[in-house]
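Report on one structure; see the data block that follows.
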Amino acid sequence: MNLPATEIRPYDPAAIEPKWQARWNDTRAHEVRDDLPREQCYYVLEMFPYPSGKLHMGHVRNYSIGDAVARYKRMRGFHVLHPMGWDSFGLPAEQAAIERGAHPKKWTYDNIAYMRSQLKRMGFSYAWSREFACSDPGYSAREQDIFLDLVEKGLVYRKSSMVNWSTGLNTVLANEQVIDGKCWRTGMPVIQKELPQWCVRITHYAQELLTATYDLPGWPDAVLVQQRNWIGKSEGAEIDFPVDGHPGEKLTVFTTRPDTLFGVTFMSIAPEHAALERIVPASHRAAVDAFRAEVKKVTTHDRMGENAEKKGCFSGAHVINPANGDKVPLWLANFVVADYGTGAVMAVPAHDTRDFEFARAYGIAVKQVIIDDAKGVDGKPQSALDEAFIEVGTLVASSQFDGQRSDSAKSAITQWLAARGVARATTTWRLRDWGISRQRYWGNPIPFVYGERSGAVPLRKQDLPVTLPDDVAFDGVGNPLEKHPSWATTGNDGKPLTVRTAQGPEAARRETDTMDTFMESSWYFARFTCADAAKPLDRARVDHWLPVDLYIGGIEHAVLHLLYARFFQKALCDVGYSSRREPFKRLLCQGMVTMETYSRPGEGGKPVWFYPDEVEVEKDPKGKVVSAKSKADRRDVVVGRVEKMSKSKRNTVDPQLLIDRYGADTARLFVLFAAPPERDLEWNEDGVIGQHRFLKRLWTLVQEQKQRLAAVAPYAGAAKDVAGADQAVVRKIHATIKRATDAMEKDFSFNTTIAACMELSNELKPEALSPPVLKQGLNTLVRLLAPMVPHICHELWEDLGGSIGISAASGPSGGDLTAAGWPSYDETQIQTDDVDYPVQMQGKVRARISLPRALTGPALDAAVLAHPDVVAVIGDRPVRKLIVVHGKIVNLVLG
RNA sequence: GCCCGGGUGGCGAAAUGGCAAACGCGCUCGACUUAAAAUCGAGUCCUCGUAAGGGGUUGCGGGUUCGAGUCCCGCUCUGGGCACCA
């Protein structure tokens, strides 16, 4: 009894989506209290965005995943904390100021306003009352408080050191921000420069950061492994080598292979090493100075990158091997890193690949002291090595250690030297302290001042916050704060800035560097638990909500943000703000949204990028782009590789177009359906139409049936009490709920959840079903889809009378969809009475037989063998083996 | 070089060791329409065959198993991370 098409309300997302968004907003539907039992609470968080202008596809994917989880958990009866904010300090704001004169603050907050409206238009269920931006005084000022707490705890120090200097940004970068020797933002070269820096002592937590990675079962292994590699613990020994002809002078090396000590034939040392001043003889001074100058000229990448040439220079000095008294030459080497280990390395060409190459190049002796066990131990070294032997073996030519295996000899040799006071067992870390000084305006000021005579002094908490001046000029060179006429020298009271000393007030100048923006993202998840607190953090609420139950974001943050955040949380504990030492219990790393890039070489080799809609592409039959032309001038552009969508490379697709055309629900459904969350998603929106059709079909079906179903109670009985299509659909309903629930609980495979819902939808044929079963089917679909496509589901739930049907798994009952809850299923309702067993022989299905599910064991075996179709397959051959897997399959092995 | 992923139709992808290709896109045919769009129905891995039906197929080569896309060994291609780190 379908109604005439003209009377059916068409599916109009532009009408129903704003309607529900307004209702959620007006009823503060997604706010949450902080005082409910923790086991009933759930904290789900997506990495907050940098307000770059507008949402991109990666955001839409990230937040659609998070919102589906948040809404699902609410339907399961949890009190869900699902907040959103803005990582709003950062370089692009300043670039905008330089390029088009927009003030960073205005540019940033305009972007936030627009992006907030986009998030609301997507219908994401955030607790908006907790929203903040990192550049808000309420956040940045409290971060300054925390900074002073860290200072007091000894976790911040000032150090002059070689830093990564971005020639593009005129600022310092952390190691993590240097990619292939280039700036991670601009791609411009990074050089080494000596500069005073504020450093945060992340290395203090190196061991804990490492150990705890073995106790984070909710994190993907790939991320944990990356963090372990980054922390880079290596155990070995420091060994002192006296310098020949300089009594009292020694050079200390760090090695992980003390077992090879008797094979040392030279020592290599970093060109920057301070001891060189004292020990290089006059005869070699000029050569050494020339070498050092040459090394200093090139960038770290050119000096030590994968294609860098190994270069060395003999220092003229010799050192004495403490194990055997050998006098070996000291070489400067460009590949020795000054700030790892001790900046000097004992070189064993026979047992180290790099030393071997260096020895070959400079004609230095190779002395073998470890013999490959596999080649037989005859107590003599092989005549000549053609490559370094770096495996475990047996020691030779090593005095009293001859015959020991190299793994046990490590500690034996270390102890022997330690007893003489010339070596110590040591652990060295790859992880360095985090330099946070940035020569930039749009960041959080570092709350220090420099007294004229007394040097760096932290501000007192009552003198905080340090606020940025608004009247600054941007010309793209250096730090605008430094060039401001008065800011650095004026106190909060407007008077000249001073520090107190025993001798009275002393004129002072503010630190003009600002903090690395990774500082802000290192504790925002904690601030969301108590965004209204007067203190930086309210310990009770932080401990109530942390650790975040599920944190969702891009895999590209595996070592940057995710390591800093773990460190910061530990530091916050140690200054008293929390007792939860790990911030994120479970981590879901969504794959990147990728797309081809289009470019042309521009001035100075810097490419000029094109947006996808500025080019016309030609595809091969597989859909791969083979060539492209600019629409503007009809000339070819270079089709680059498929990579992460990013504004700088312009390979972005604006999600707003999708929303405007199909609505937020379709956009959400599509990004969830296109691939499982952790897989990279090469953008192609050909499939969007399928998701839109599905929603439209569901909509139309409900509109057509709602009057017929108005007074009908959904079927709530067992499958066996109905027949035919009804019975099949009841089973399907339970099976679908099971699949959807498993996906939500186990692996967030929304793509298969959606597929399961489509299958159920395809079976809901009104003319074949009784009204109660049809209503149960529609109710179930609406509830299962609600976390992913909330607007249409709320609307349809109303159309269906808001009734409940299958009992809610948990949570209160009522007419509201969220309160109605997630449907539960009954495993026994899924199974049919008979099982269709495929009968397999030699890997091929030869027959299909139907037998009662109740049959098991020997009775089932007998029934299989007696079945006429099986008898026919067997023929007159003997049955060597019969495997019957109950409920699954039959396999015959014939003679 | 080392450490992680991944390789399944024309495409996005499914598949607790148990009937490979569910679901969707695209495509073909049909219905509705003056027509188009929208919508609905049927078909769509390859191959032999008019058909019924047969054979083959998850990057390559081996192995374990009654049974392998799935587990093990070796290779290969590919994406990502780390890297003269002593």
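A note on names: the letters A, B, ... follow the listed sequences, proteins ahead of strands, and every chain is numbered from 1. We use all heavy atoms of the structure for the numbers below, so side chains are in, but hydrogens, waters and symmetry mates are not.
Nucleic acid contact for A/R693: sugar-phosphate only, since backbone atoms but no base atoms lie under 4.0 Å from a heavy atom of the residue. In this structure, A/I689 reaches the sugar-phosphate backbone alone: every heavy-atom distance under 4.0 Å involves primed, P, OP1 or OP2 atoms, never a base. A/D355 comes within contact range of no nucleotide atom at all, as no heavy-atom separation falls under 4.0 Å. Among the protein residues, A/D221 comes within range of no part of the nucleic acid, since none of its heavy atoms lies under 4.0 Å from any strand. Residue contacts for A/S234: at a heavy-atom cut-off of 4.0 Å it reaches the sugar-phosphate backbone alone, with no base atom in range. Base engagement by A/V885 is indicated by at least one non-hydrogen atom pair under 4.0 Å involving a base atom.
Counted by atom type alone, A/T213 and A/R228 present one or more donor-acceptor pairs between their side chains at under 3.5 Å.
Taking atom P on both nucleotides, B/U39 is separated from B/G24 by 14 Å, rounded to a whole Å. B/A22 and B/A15 are spaced 13 Å apart, taking the P atom of each and rounding to whole Å. B/U65 and B/G18 are spaced 12 Å apart, taking the C1' atom of each and rounding to whole Å. Taking atom P on both B/G69 and B/C19, the two are 10 Å apart, rounded to the nearest angstrom. Rounded to whole Å, the separation between the C1' atoms of B/U76 and B/G62 comes to 15 Å.
A/L785 has its CG atom 13 Å from the P atom of B/G24, to the nearest Å. Distance CG (A/L894) to C1' (B/G67): 14 Å, rounded to an integer number of Å. Note: CG (A/D680) to P (B/G12) measures 13 Å, nearest angstrom. Rounded to whole angstrom, the span from the CD atom of A/Q840 across to the P atom of B/U65 amounts to 17 Å. Put simply, CD1 on A/I883 is 9 Å from C1' on B/U65, counting in whole angstrom units. A straight line from CG of A/L562 to P of B/G80 spans 19 Å, rounded to a whole angstrom. Distance A/E678 CD to B/G79 C1': 15 Å, rounded to the nearest Å. Between A/Y340 atom OH and B/A83 atom P the separation is 12 Å, expressed in whole Å.
For B/A22, neither phosphate oxygen OP1 nor OP2 lies less than 4.0 angstrom from any side-chain nitrogen or oxygen of A/R739. The shortest distance between the side-chain N/O atoms of A/N751 and the OP1/OP2 oxygens of B/G24 is not below 4.0 Å. In terms of phosphate contacts, A/R679 brings a side-chain nitrogen or oxygen within less than 4.0 Å of OP1 or OP2 of B/A14. In terms of phosphate contacts, A/N762 brings no side-chain nitrogen or oxygen within less than 4.0 Å of OP1 or OP2 of B/A22. Taking side-chain N and O atoms only, A/R228 has no distance below 4.0 Å to OP1 or OP2 of B/C82.
Using modelled atom types, one side-chain atom of A/K367 and one backbone atom of A/F262 make a donor-acceptor pair closer than 3.5 Å.
Applying the 3.5 Å distance criterion, the base of B/C84 shares a donor-acceptor pair with the side chain of A/K310. One N or O donor and one acceptor, one from the side chain of A/R354 and one from the base of B/A86, sit under 3.5 Å apart. With hydrogens and angles ignored, no donor-acceptor pair closer than 3.5 Å exists between the side chain of A/N229 and the base of B/C82. Below the 3.5 angstrom threshold, one finds no donor paired with an acceptor across the side chain of A/R430 and the base of B/C82.
As the counterpart of B/G1, B/C82 is assigned, both hydrogen-bonding distances of the Watson-Crick or G-U wobble pattern falling under 3.5 Å.
Nearest to the side-chain atoms of A/K844 among the listed nucleotides B/C23, B/C19, B/G55 stands B/G55. Set against B/A86, B/A15, B/G81, the side chain of A/T752 has B/A15 as its closest nucleotide. The side chain of A/E759 lies closest to B/C23, out of B/G18, B/C23, B/A86. The side chain of A/A674 lies closest to B/G12, out of B/C84, B/G12, B/G24.
Annotation: of the two residues near RNA chain B, A/E682 and A/Q691, the 5′-most nearest-nucleotide partner is A/E682. Both A/T255 and A/D836 sit near RNA chain B, but only A/D836 has its closest nucleotide nearer the 5' end.
For A/F358 and A/W331, the distance between ring centers is under 6.0 angstrom. The distance between the ring centers of A/W230 and A/Y564 does not fall below 6.0 angstrom.
Taking the charged nitrogens against the carboxylate oxygens, A/R432 and A/D339 do have a contact shorter than 4.0 Å, which makes a salt bridge.
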